[in-house]
Structures are given as C-alpha cells and as structure tokens.
Amino acid sequence: MFLLRDLKEQIEMCVECGACMEEGICPSYTIKKEDLYSPLGRLSSLKLLVEQDNSRMEDIEKSLLTCNGCGRCTEVCPVDIKIGELVTIGRN
C-alpha cells in the first residue's frame, strides 16, 4: 500500500520523457489530445492532490476518472512509475 510519501516520491520520479504520450499508448489521450487526459496530466493532477491544492478539483477529477486502467503507460515508463496504481489511489 502506498503512503503519501511514497506517492509523492513516485510522482517526482517522472522525467517527463514523453514515452507515455506516444500515439496509441493512452486511449483517453489518443482520443482527446489534451494533456489533462494523458499520463503526464494525471501525474500533475496527483501532484495537486498531494499538495492539497483543490483549486482545480474539477480538472483533477476529469483527469483521474477518465483513465481506463489499461496499464500501457506503466509498461512504457523508463523509470517504472506505477501510474495506473497511482491513479487508482488518487481516485480513492
């Protein structure tokens, strides 16, 4: 089980390489073409949650609730961030 500290560490590991943003990796990003619906956007939303910044709660909810949990982003992540697991935690 992730603790808040673990969640923050996972988010900060992201090097923003864009591997998870490649065409065909994230179904919601492939359709929407908006960062909010991408794995990187989801990590940004999670960061806002960890920092307790509720100013963009509607966007955070859209971002996290549109992930279908396929796990493709985790598979291509070169630093092995468990993005799908983090999104599930964020939803809860």
Identify the heavy atoms of [X] and [Y] that sit nearest to each other, and give their distance.
X: P27; Y: N68; value: CG-ND2, 3.6 Å
X: V79; Y: M13; value: O-CE, 3.0 Å
X: T30; Y: G24; value: OG1-N, 3.4 Å
X: V87; Y: C67; value: CG1-CB, 3.8 Å
X: T66; Y: R42; value: OG1-NH2, 3.0 Å
X: G90; Y: L46; value: CA-CD2, 3.6 Å

Rounded to the nearest 0.5 Å, what separates atom [atom1] in [X] from atom [atom2] in [Y]?
X: L65; Y: S28; atom1: CG; atom2: OG; value: 11.5 Å
X: M57; Y: E61; atom1: CE; atom2: CD; value: 6.0 Å
X: K62; Y: K32; atom1: NZ; atom2: NZ; value: 8.0 Å
X: C77; Y: I25; atom1: SG; atom2: CD1; value: 11.5 Å
X: I83; Y: C20; atom1: CD1; atom2: SG; value: 5.0 Å

For L64 and L49, run side chain to side chain contact (heavy atoms under 4.5 Å, CB included): C-alpha distance rounded to whole Å, both residues' side-chain angles, the deciding distance at 0.1 Å, then the answer. CA-CA 11 Å; L64 299 180; L49 279 179; 3.7 Å; yes

Looking at I60, is its backbone amide N or carbonyl O close enough to the side chain of S63 to form a donor-acceptor pair, meaning the two atoms are under 3.5 Å apart?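 No: the side chain of S63 does not pair with the backbone of I60.
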
Determine whether a donor-acceptor pair (N or O, by modelled atom type, separation under 3.5 Å) exists between the side chain of S38 and the backbone of M21.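 Flag not set: sc S38 to bb M21 has no pair under 3.5 Å.
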
Pairing of D80 and K82 as salt bridge, 4.0 angstrom limit: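 Yes, this pair counts.
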
Check the pair L86, L7 against side chain to side chain contact (heavy atoms under 4.5 Å, CB included), reporting the backbone distance first and the verdict last. CA-CA 7 Å; L86 301 180; L7 183 64; 3.3 Å; yes

Linking I/L/V/M/F/W/Y whenever their side-chain heavy atoms sit closer than 4.5 Å, directly or via other members, would V50 and L48 fall into one cluster?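 Same hydrophobic cluster.
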
If Ile, Leu, Val, Met, Phe, Trp and Tyr residues are connected whenever their side-chain heavy atoms lie under 4.5 Å apart, and connections chain through other members, are I81 and I11 in the same group?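 Same cluster.
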
Between S45 and R56, do the side chains contain a donor N or O and an acceptor N or O under 3.5 Å apart?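 No, S45 and R56 have no side-chain donor paired with an acceptor closer than 3.5 Å.
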
Does the side chain to side chain contact (heavy atoms under 4.5 Å, CB included) test come out yes or no for E22 and V76, once each step is laid out? CA-CA 10 Å; E22 302 258 336; V76 300; over 6 Å; no

